[in-house]
Amino acid sequence: MEPLGLRTVGSHCSLSEMDDLDLNRALDRPRLKIERKRSFDERSMSELSRHDSPRGRSVLDTPLSSARNSFEPHPMMAEAWEALRRSMVFFRGHPVGTLAAVDNTTDEVLNYDQVFVRDFVPSALAFLMNGESDIVKHFLLKTLQLQDSEKRVDRFKLGKGVMPASFKVSHDPIRETDHLVADFGETAIGRVAPVDSGFWWIILLRAYTKSTGDLTLSETPECQKGMKLILSLCLAEGFDTFPTLLCADGCSMIDRRMGVYGYPIEIQALFYMALRCALSMLKPDGDGRECIEKITKRLHALSFHMRNYFWLDYQQLNDIYRYKTEEYSHTAVNKFNVMPDSIPEWVFDFMPLRGGYFVGNVGPAHMDFRWFALGNCVSIMSSLATPDQSMAIMDLLEHRWDELVGEMPLKICYPCLEGHEWRIVTGCDPKNTRWSYHNGGSWPVLLWQLTAACIKTGRPQIARRAVDLIESRLHRDCWPEYYDGKLGRYVGKQARKYQTWSIAGYLVAKMLLEDPSHIGMISLEEDKLMKPVIKRSASWPQL
Ligand code: GLC
């Protein structure tokens, strides 16, 4: 049995950083001070923290959380655990992942019978929170082996560090053996490699290490090499003038053309989080030292860039609205030459006086003002957002609840693209019509990221309200992949049923609320060495 809790960590490894422990300790104590005044209800984090931690479970069929008496377990929990276990994939006797969906209501399987790296993350967190780390360890090791295989699109060889988007177990009936077949984008729609997979892999390796205290996995030469290979793809020098990562459309959760090419917030936030996670696990020996130096420099530049140029609040919007264009030289204020006329009408109404968010994309003469859920939640979890920015993101969410949450948490992005814009930007994609799928659809899986962000900012009551919405429908609708419509009222046009990450996302959210100390697995405290550059905007009242 693996040791529980954190072991004392060697001097090279900062996994036991004071910061993270501080957070865990703080979460074990009442935190009345961090509760915000304008919350939906008056219940505070301290109420949540009084319950014992469910650490130390072994592999039993009944989840420990539902056996606890302090919270009345919702009947959906037991069903969710059963469904999650039904999705487990085994390879040569070991559990190695979960299928994307186990939807028996349709014959159209597509690639939902595979283990997707990004989809497995909430499953992994649910298992870790329930004390079942085996499946996570095997997943991490198997995907690492797959990283080693040769990957090509036609005659072009992909970088060595690329992690698969998904894999499946294939049975050879003649030899009577199983082997794993991976997809690195070479069979995916659009043929795009998943930039997010490698980042999620690193984030999960840290979550595993934090949760189990087992350092032996991340310290193996294989894991150290795997991390360096992933990061060498992103830290290589080239023609870039920005520290952000240049990406093709479709390289992340939004895996179809949606006009997010360039510098999408989802990837930048995951990149930042993966860099910080890697920094806490890399050994400073051999090429490790060089990698650590590169990471440190990049983090510095990346956080400055994101906090300055991606951040939008009322004050910033007003500044952009009044921008001069065609400025040359170092004194330019409008550095990327964004045309004020390109600001969409909706954003003026959408922006509250109090609150803000990281916009979807920033590049030359280009600002995508759309709000994206995943990028903003991960920015909070990773502390890419300063404490003030994190609070502002939550303020905006509360303020724009009807638009961003409506009847089903959570919109993947806001607003949707319609008409001519939809035609041009998506290439007339019939799956991404307005308020559907990636184009403003509502994805229950995002509940876990929302909940993590709520707990990190000390506002669990927001997550509770979202959980209530989920509990009123998700089980009745058979755990759909996504919902459609401006309010998220309709089960998605082509949504799978029994979508695993909808199920696991719910479980993670519930377990985080029951025991907020779990947040340490998937959150990083503010890096004190990186000074916040953004001051609270004028719209904020003094606290
Ligand atoms: C869809 C989603 C993608 C997900 C996959 C499997 O393609 O866009 O993010 O990983 O389904 O669920």
Side-chain angles (χ1 to χ4, degrees), residues 158-159 161-162 192-196 198-199 228-252 254 257-276 278-279 290-312 316-317 319-320 322-343 357-370 372 375-376 378-379 382 384-386 389 425 527 529-534:
L158 274 66
V162 178
V192 182
V195 177
D196 63 339
F199 297 153
K228 284 179 230 165
L229 280 177
I230 294 167
L231 294 179
S232 63
L233 291 172
C234 321
L235 297 173
E237 288 169 5
F239 289 102
D240 301 311
T241 42
F242 309 136
T244 34
L245 210 59
L246 185 60
C247 301
D249 235 337
C251 68
S252 61
I254 300 179
R257 186 171 154 193
M258 263 303 292
V260 295
Y261 60 89
Y263 304 91
I265 180 66
E266 171 170 347
I267 291 298
Q268 312 314 321
L270 286 172
F271 180 33
Y272 178 87
M273 185 152 180
L275 285 176
R276 288 203 56 196
L279 202 56
E290 198 189 325
C291 192
I292 288 171
E293 271 167 30
K294 279 188 181 169
I295 293 175
T296 312
K297 283 187 187 148
R298 190 62 169 260
L299 277 170
H300 200 70
L302 184 61
S303 58
F304 177 86
H305 185 97
M306 297 300 296
R307 292 168 183 177
N308 267 303
Y309 307 129
F310 274 64
W311 183 249
L312 193 74
Q316 186 75 4
L317 179 59
D319 290 349
I320 298 171
R322 288 166 52 81
Y323 264 170
K324 289 194 194 69
T325 57
E326 315 298 326
E327 289 176 297
Y328 184 72
S329 91
H330 291 295
T331 54
V333 177
N334 180 5
K335 292 191 178 146
F336 307 109
N337 202 31
V338 174
M339 308 293 161
D341 274 356
S342 69
I343 306 176
Y357 65 103
F358 287 109
V359 296
N361 219 306
V362 177
H366 175 57
M367 250 181 127
D368 181 347
F369 288 88
R370 278 177 293 173
F372 287 85
N376 276 283
V378 173
S379 298
S382 63
L384 170 60
T386 64
Q389 287 173 335
V425 175
D527 187 336
L529 294 175
M530 285 188 245
K531 275 209 192 122
V533 285
I534 296 272

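Side-chain atoms are counted along with the backbone in the values below, which use heavy atoms only and exclude waters and symmetry mates. Residue numbers count from 1 along this sequence. Because the structure is predicted, anything quoted here is derived from the model rather than measured.
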Worksheet item: Can you list the residues that meet the ring pair (Phe, Tyr, Trp, His ring centres under 6.0 Å) rule with Phe310, with sequence neighbours excluded?
Response: none
Practice prompt. Of all the heavy-atom pairs spanning Ala269 and Gly375, show the shortest one and how long it is.
Written response: CB-O, 3.5 Å
Worksheet item: Should Asp319 and Val333 count as side-chain neighbours, where that means a heavy-atom distance under 4.5 Å?
Response: no
Discussion item. So which atom in Arg370 and which in Gly259 form the shortest heavy-atom distance, rounded to 0.1 Å?
Written reply: NH2-O, 3.4 Å
Worksheet item: In Å and rounded to the nearest 0.5 Å, what is the CZ to SG distance from Arg298 to Cys234?
Response: 7.5 Å
Discussion item. For the backbone of Gly250 and the side chain of Arg257, can you confirm whether one donor and one acceptor N or O come within less than 3.5 Å of each other?
Written reply: no
Practice prompt. Mind listing the closest non-hydrogen atom pair of Phe199 and Ala274 along with its distance?
Written response: CD2-CB, 3.6 Å
Item to complete: Walk me through it: do Thr244 and Val362 pass the test side chain to side chain contact (heavy atoms under 4.5 Å, CB included)?
Response: CA-CA 9 Å; Thr244 34; Val362 177; over 6 Å; no
Worksheet item: With a 4.5 Å limit on heavy-atom distance, are the side chains of Leu317 and Ile343 in contact?
Response: yes
Discussion item. Show the nearest heavy-atom pair for residues Leu275 and Ile295, with the distance to one decimal.
Written reply: O-CG2, 3.6 Å
Fill in: Backbone of Ile267 reached by a side-chain donor or acceptor of Asp196 within 3.5 Å
no
Item to complete: Quick one: pull up CD in Gln268 and CG in Leu302 and give me the separation to the nearest 0.5 Å.
Response: 6.5 Å
Practice prompt. Using the test ring pair (Phe, Tyr, Trp, His ring centres under 6.0 Å), find all partners of Phe242 that sit at least two apart in sequence or belong to another chain.
Written response: Tyr263, His305, Phe336
Discussion item. Test your reading of the model: is there a side-chain donor-acceptor pair from Asn337 to the backbone of Ala365, 3.5 Å cut-off?
Written reply: no
Worksheet item: So how far is it from Thr296 OG1 to Leu279 CG, rounded to the nearest 0.5 Å?
Response: 5.0 Å
Discussion item. When you compare the side chain of Tyr272 with that of Met306, does any pair of heavy atoms fall below 4.5 Å?
Written reply: no
Worksheet, complete the sentence: Separation between CE (Met339) and CD (Glu326), nearest 0.5 Å, reads 5.0 Å
Worksheet, complete the sentence: In this structure, CD of Glu266 is separated from CD1 of Ile254 (nearest 0.5 Å) by 6.0 Å
Worksheet item: Considering all heavy atoms of both residues, which atom of Ala301 and which atom of Pro243 are nearest to each other, and what is their separation?
Response: O-CG, 3.5 Å
Worksheet item: Which heavy-atom pair separates Ala278 from Leu231 by the least distance, and what is that distance?
Response: CB-CD1, 3.5 Å
Worksheet item: Just by distance, do the side chain of Tyr357 and the backbone of Phe372 share a donor-acceptor pair under 3.5 Å?
Response: no
Worksheet item: When rounded to the nearest 0.5 angstrom, what is the spacing between OG in Ser342 and CZ in Phe369?
Response: 5.5 Å
Discussion item. Do Asp368 and Val359 have side chains that approach each other closer than 4.5 Å (heavy atoms only, starting at C-beta)?
Written reply: no
Practice prompt. Look only at the side chain of Asp249 and the backbone of Val260, and say whether a donor-acceptor pair between them is shorter than 3.5 Å.
Written response: yes
